[in-house]
Amino acid sequence: EAQVTQNPRYLITVTGKKLTVTCSQNMNHEYMSWYRQDPGLGLRQIYYSMNVEVTDKGDVPEGYKVSRKEKRNFPLILESPSPNQTSLYFCASSPQTGSGYTFGSGTRLTVV
Amino acid sequence: GEDVEQSLFLSVREGDSSVINCTYTDSSSTYLYWYKQEPGAGLQLLTYIFSNMDMKQDQRLTVLLNKKDKHLSLRIADTQTGDSAIYFCAERDDKIIFGKGTRLHILP
């Protein structure tokens, strides 16, 4: 089944403790992206990647890192999480052109 | 900069038609999308329209595009309780820009 898989689905962590949210897609998509969703703010893009080893900042990249060492994986790294990074995170992928994103099921992160 | 605007809430009676509206700013957008997000779930692509089209129909869904006014709408015929969700409009040129979403509430 074609899908984007994020893990974990839920995570509670403490301020400053490094964490990684994994994202994997099995559709051979070139384009991958991370979004955070917050009430009243909609979806905001954190980072995106047009292909392997090509990553770019989105609208809210501060406090996040990403890597794209292989086509299928696009992990999101929070080196030193803070409470303002408490949010619902979505990974998405698409072919380079057209047909829109396929989204993962989301990761609800709480930083205390 | 690029922006996508949509109203935040819409209430519709079950069985009526729902019309969700969206405006966008980037005239070079090549694709425009409608996504649906049900509670606790990710976004699901409902339908999309190429920028050179005026209308697209898919069962109960009708998408209308007015390029001159940069206006996109989604009509859901015979709205049902399962249509209760947040609907996101999005445009794509080199990357996808999302609106803040319209929460559709179904009245009995």
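Below, chains carry the letters A, B, ... as their sequence lines are ordered, and counting in each starts from 1.
- Residue E38(B): no heavy atom, backbone or side chain, is found under 4.5 Å from chain A.
- Rounded to the nearest 0.5 Å, atoms OH (Y31(B)) and OG (S94(A)) are 10.0 Å apart.
- Proximity of Y31(A) to I96(B): side-chain heavy atoms (C-beta onward) are nowhere separated by under 4.5 Å.
- L76(A) and L19(A) fall within the same hydrophobic cluster, where Ile, Leu, Val, Met, Phe, Trp and Tyr residues are linked whenever their side-chain heavy atoms come under 4.5 Å apart, directly or through other members.
- Cluster membership for V19(B) and Y87(B), using ILVMFWY side-chain heavy atoms within less than 4.5 angstrom, is not shared.
- Criterion: ILVMFWY side-chain heavy atoms under 4.5 Å apart, direct or through other members. Under it, L10(B) and L64(B) are not part of a common hydrophobic cluster.
- With hydrophobic clusters built from ILVMFWY side chains whose heavy atoms lie under 4.5 angstrom apart, F50(B) shares a cluster with L46(B).
- Checking side-chain atoms of Y101(A) against main-chain N and O of L43(B) turns up no donor-acceptor pair under 3.5 Å.
- In this structure, chain B has a heavy atom under 4.5 Å from the side chain of Q37(A), while its backbone stays farther away.
- Only the side chain of R9(A) comes within less than 4.5 Å of a heavy atom in chain B; its backbone stays farther off.
- Within 6.0 Å of CD1 in I12(A) there are 12 or fewer heavy atoms belonging to other residues, nucleotides or ligands.
- Note that CD1 of I97(B) and CG of D59(A) are 6.5 Å apart. Values are rounded to the nearest 0.5 Å.
- Below 4.5 Å, heavy atoms of chain B meet no heavy atom from residues 78-87 of chain A.
- Counted within 6.0 Å of CZ on R44(A), heavy atoms from surrounding residues, nucleotides or ligands total more than 12; the atom is thus considered enclosed.
- The distance from the OH atom of Y35(B) to the CZ atom of F103(A) is 5.5 Å, given to the nearest 0.5 Å.
- A continuous path of Ile, Leu, Val, Met, Phe, Trp and Tyr side chains, each step under 4.5 Å between heavy atoms, connects Y33(B) with L61(B), placing both in one hydrophobic cluster.
- Below 4.5 Å, heavy atoms of chain B meet no heavy atom from residues 63-73 of chain A.
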